[in-house]
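Notes follow once the structure below has been shown.
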Amino acid sequence: MAVISYREALRAAMREELKRDDKVVIMGEEVAQFNGAYKVTEGLLKEFGPKRVVDTPISEAGFIGLGIGASMLGIRPVMELMFWSFSYVAFDQIVNNAGNIRYMSGGLINCPIVIRGPANGGTNVGATHSHTPEAILASHPGIKVVCPATPYDAKGLLKAAIRDNDPVYVMENTILYNDKGEVPDEDYIVPLGVADVKRVGTDLTIVAHGRAVITSLKAAEILEQEHGVSVEVVDLRSIRPLDEETILASVRKTHRALLVEENKPFCGVDAQVAYLIQSRAFDELDAPIHRVSSIDAPQIYCKRMEDQQLPDVNRVVREALKVLA
Amino acid sequence: MAKPAVLTHPESLKRPAGPSEYAKDPVNASMSKAEKIALYTKMARIRHFEQRCIRIYQQGKIGGFLHLYVGQEAVAAGTISLLGKHDHIITGYRDHGHGLMVGMGMNECMAELTGRVTGCSQGKGGSMHYFAPDKNYWGGHGIVGGQAPLGTGLAYAVKYMGLKGSCLAYMGDGAVNQGAVHEAYNLAALWDLPMIFVIENNGYSMGTSQERSTAHPGCLAKRAEGYGMAWDVINGHDVYEVRAKTAIALKRAHEESKPTVLEIFTYRYFGHSMADPDKTYRDKEEIKEYREKKDPVLAFEQELLREKVLTAELSQQINDAAMAEADKAAVFADESPDPTVADITKHIYWEEDNRGPDTTSRGTIIFE
């Protein structure tokens, strides 16, 4: 088992899939010659050449649409968005075309496309570059969304996404790109729709995804050390499909739930998770479900305030104690 | 209402309608008698299918929007009649004519309009969303211009796989002001894709004339020059001219892997959709003029009568058969069953429809 970064894990996933299947093409702004705006695709052009690793113009509606069209004929494009925030100019392609074509054709067509890139706040770049559209996109049947939090999951989920025959949107996090973790040397995938219990506990379930998992794990440590509370942390990994059973099993064990995400609260992923818990495990709950989300405003530029706008360890601890009270 | 000054206009349109100047073009001269009759038959089938749709719509059996192709038949017929095994097409929402041209049956097309499970998309797509990927027909797209990037992707895939093929992406004149179309132009030219953008210019983007919608109107195809692309203008009332000039673009795609923009001047006899009462933006006289003097189906019939390929009797038989086929399709569409409630949640995800030990998805994907 090698210890590699989240960034290297994503790159390894693409390298292995490029080798495995000659229909896989990497495409996006600055992915080839520039080696990737965030260096995720570094070295792939050199290794695989310009047919497999393709620089696009700044033209998201154009090149994402092109990738979707190519996927209908069996190409498996892995498209990089420099930021998921830029997906908004390609929304018609991403939702109406990739998400609807299978349905509108009565199952005659499928779009095996992957769109990946960072979707996070916390980098001091202001509102236009800090969107987290996982809930927006996952609300469309026909679309799949995953949000890896660790190098192991980043590699396994991206490989599964590339092999998947539906549109899969992989939302990464620039703050996690340098995080390191153990990743197996042998081939593996993390199937979509399988959550992971990142920490086992008995008193409180925290459900989180993306970087909120890392924040929640730190909070769980403090809760144990300073408050003697045993916290279980469920990492969704995949938003749609959603592993409802793992969430419910954990809540049935701990009887208390705190939901943490870096999204804004209104119609966030955790709104769906809260509904799930109350509808199928209401009698198991010993306390109301609480949520910790980003403070409900466009992303603020000021770094000191942005750090507070996002869920931080202190806020998670505070809210957990309320659920436990 | 003032018409825009047409600055780039096919020469043949400036002269009175008459025998086609392109009958002797090799691509037409080389057609056998049977091929010519087959082409005429397809045009007549589109005409009668669409006219039958009007009646069903008026009976309240077709919901949603219904954008008819009557008057524009020579565009789909001329272009699609040239295509081979690795040539693909994609279009906007005025998509019935293209579907019938690639060989879709009237039954499946009509049943889709009435929302039946026997429709080409099992009643899930409707009029604007016909698909027949087995016939290289990739839709049928509802959002103006949204199909243009998809088309470049089909051309990209053809080139990636090393096949001698192309993609024709059709759009209306209203689509040329959409950003996605310009992005597709740029990519097709930048990457030398075997792509033909076909602007079916029927003069009106819904109810807005070109003069009111388009800066520097009357030069739609010429915008290709801004991307270094070849372009041409075509009289869309003459199927021979459509074939002759499309063949050049197709050769450019196949042999040089270069894109082309074709602007085909055509005309629709009915409103933008059946929801358009067609009373506010054009004169009845204008429609009458086109119907009587430039009708593409009649023009081709006359052409073939002059060539003695067709006789009046044979033409009558072809039209009668097309009408009878449309009538039968209407009955089929009326009598076919609806999809079921259970069908609503099928065909959303490939992995879900084919779920098994080897598929990559688990968990809940369809929510209550």
Side-chain angles (χ1 to χ4, degrees), chain A residues 23 25 51 54 56-57 59-75 77 89-90 92-93 96-97 100-112 141-142 144 160-161 163-166 168 189 191-195 238 240-246 272 276 279, chain B residues 88 90 117 119-126 128-129 131-134 138-143 146-158 160-161 167 179-180 182-187 190-191 193 345-354 359-368:
Chain A
K23 293 280 172 61
V25 181
K51 185 177 177 187
V54 185
T56 67
S59 179
E60 285 86 3
F63 77 77
I64 296 281
L66 181 147
I68 297 163
S71 78
M72 299 192 300
L73 263 184
I75 306 297
V89 299
D92 180 46
Q93 300 299 326
N96 258 328
N97 288 346
N100 286 344
I101 283 177
R102 177 168 182 78
Y103 196 71
M104 294 193 306
S105 68
L108 296 174
I109 299 171
N110 61 300
C111 298
K144 297 176 179 176
R163 295 179 197 184
D164 194 280
N165 285 311
D166 297 309
V168 184
I189 65 163
L192 312 186
V194 181
S238 169
R240 186 175 188 141
L242 184 67
D243 185 351
E244 296 184 321
E245 297 312 318
T246 298
Q272 178 70 25
L276 166 74
S279 67
Chain B
H88 298 264
I90 189 163
V117 73
C120 55
S121 299
Q122 302 195 26
K124 291 181 167 178
M128 302 188 283
H129 309 115
F131 294 87
D134 60 322
W138 299 92
H141 293 270
I143 305 297
Q147 74 279 12
L150 297 179
T152 58
L154 292 165
Y156 174 89
V158 165
Y160 184 89
M161 293 186 279
C167 178
H182 287 266
E183 295 191 29
Y185 280 3
N186 183 58
L187 287 165
L190 181 71
W191 290 350
L193 298 180
T345 50
K346 287 179 192 155
H347 307 129
I348 302 171
Y349 296 95
W350 187 96
E351 299 286 341
E352 194 62 12
D353 295 336
N354 297 280
T359 47
T360 47
S361 289
R362 314 271 188 276
T364 305
I365 198 155
I366 306 297
F367 293 83
E368 285 173 17

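Each chain gets a letter, A, B and so on, in the order the sequences are listed, and its residues count up from 1.
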So does Leu66(A) get a backbone contact from the side chain of Thr152(B), meaning a donor-acceptor N/O pair under 3.5 Å? no

Side chain, backbone, both or neither: which part of Cys120(B) has a heavy atom under 4.5 Å from chain A? backbone

With chain B, which of Pro241(A), Gly193(A), Pro77(A) has the greatest number of heavy-atom pairs at distances under 4.5 Å? Pro241(A)

Quick one, Lys346(B) and Tyr103(A) - any side-chain contact, counting heavy atoms below 4.5 Å? no

Chain A: which of Gly363(B), Ala148(B), Pro149(B) shares the most heavy-atom pairs with it under 4.5 Å? Pro149(B)

Val89(A) versus chain B, the contacting section by heavy-atom distance below 4.5 Å: neither

Between OG1 of Thr246(A) and CZ of Arg362(B), what distance do you get to the nearest 0.5 Å? 12.5 Å

Rounded at 0.5 Å granularity, tell me how far CG in Leu108(A) sits from CH2 in Trp138(B). 9.5 Å

Backbone N or O of Gly146(B) within a donor-acceptor pair of the Gln93(A) side chain at under 3.5 Å? yes

Non-hydrogen atoms of chain B under 4.5 Å away: do they reach the side chain of Ile189(A), the backbone, both or neither? side chain

When you measure from the side chain of Arg240(A) to the backbone N and O of Ile365(B), does any donor-acceptor pair fall under 3.5 Å? yes

Distance-minimising heavy-atom pair for Gly62(A) and Leu187(B): C-CD1, 3.3 Å

dist Gln147(B):CD -> Ile101(A):CD1 (nearest 0.5 Å) comes out at 10.5 Å

Any idea which heavy atoms bring Leu154(B) and Gly69(A) closest together, and the distance? CD2-O, 3.5 Å

Output the option from Val194(A), Leu276(A), Asp243(A), Asn97(A) having the highest count of non-hydrogen pairs under 4.5 Å with chain B. Asn97(A)

Heavy atoms, side chains only, cut-off 4.5 Å: are Tyr156(B) and Leu73(A) in contact? no

Turns out that what part of Asp134(B) lies under 4.5 Å from chain A's heavy atoms comes down to neither

Residue from Ser71(A), Pro112(A), Ser105(A) scoring the most non-hydrogen pairs under 4.5 Å with chain B is Ser105(A)

For the CD1 atom of Ile109(A) and the NE2 atom of His347(B), what is their distance to the nearest 0.5 Å? 12.5 Å

With rounding to the nearest 0.5 Å, note down the distance linking CG in Leu192(A) to OH in Tyr349(B). 10.5 Å

Closer than 3.5 angstrom, by distance alone: can the side chain of Lys51(A) be matched with the main-chain N or O of Tyr160(B) as a donor-acceptor pair? yes

Closest non-hydrogen contact found for Pro141(A) with Ile348(B) is C-CG2, 3.7 Å

With sequence neighbours excluded, residues passing side chain to side chain contact (heavy atoms under 4.5 Å, CB included) with Glu351(B): Lys144(A), Asp164(A), Asn165(A), Asp166(A), Thr359(B), Thr360(B), Ser361(B)

Cut-off 4.5 Å, heavy atoms of chain B, and the answer for Ile68(A) is both

Measuring heavy-atom distances to chain B, does Val54(A) have an atom under 4.5 Å in its side chain, in its backbone, in both, or in neither? side chain

Minimum heavy-atom separation for Glu244(A) and Thr364(B), please, with both atom names. OE1-OG1, 2.9 Å

Less than 4.5 Å apart, any side-chain heavy atom of Glu60(A) and any of Glu183(B)? no

Please classify the contact between Gln272(A) and chain B as side chain, backbone, both or neither, with a heavy-atom cut-off of under 4.5 Å. side chain

Taking ring pair (Phe, Tyr, Trp, His ring centres under 6.0 Å) as the test, write out the residues that go with Tyr185(B), two or more places apart. His182(B), Phe197(B), Tyr227(B)

OG1 of Thr56(A) to CG of Leu190(B): how many Å apart, nearest 0.5 Å? 9.5 Å

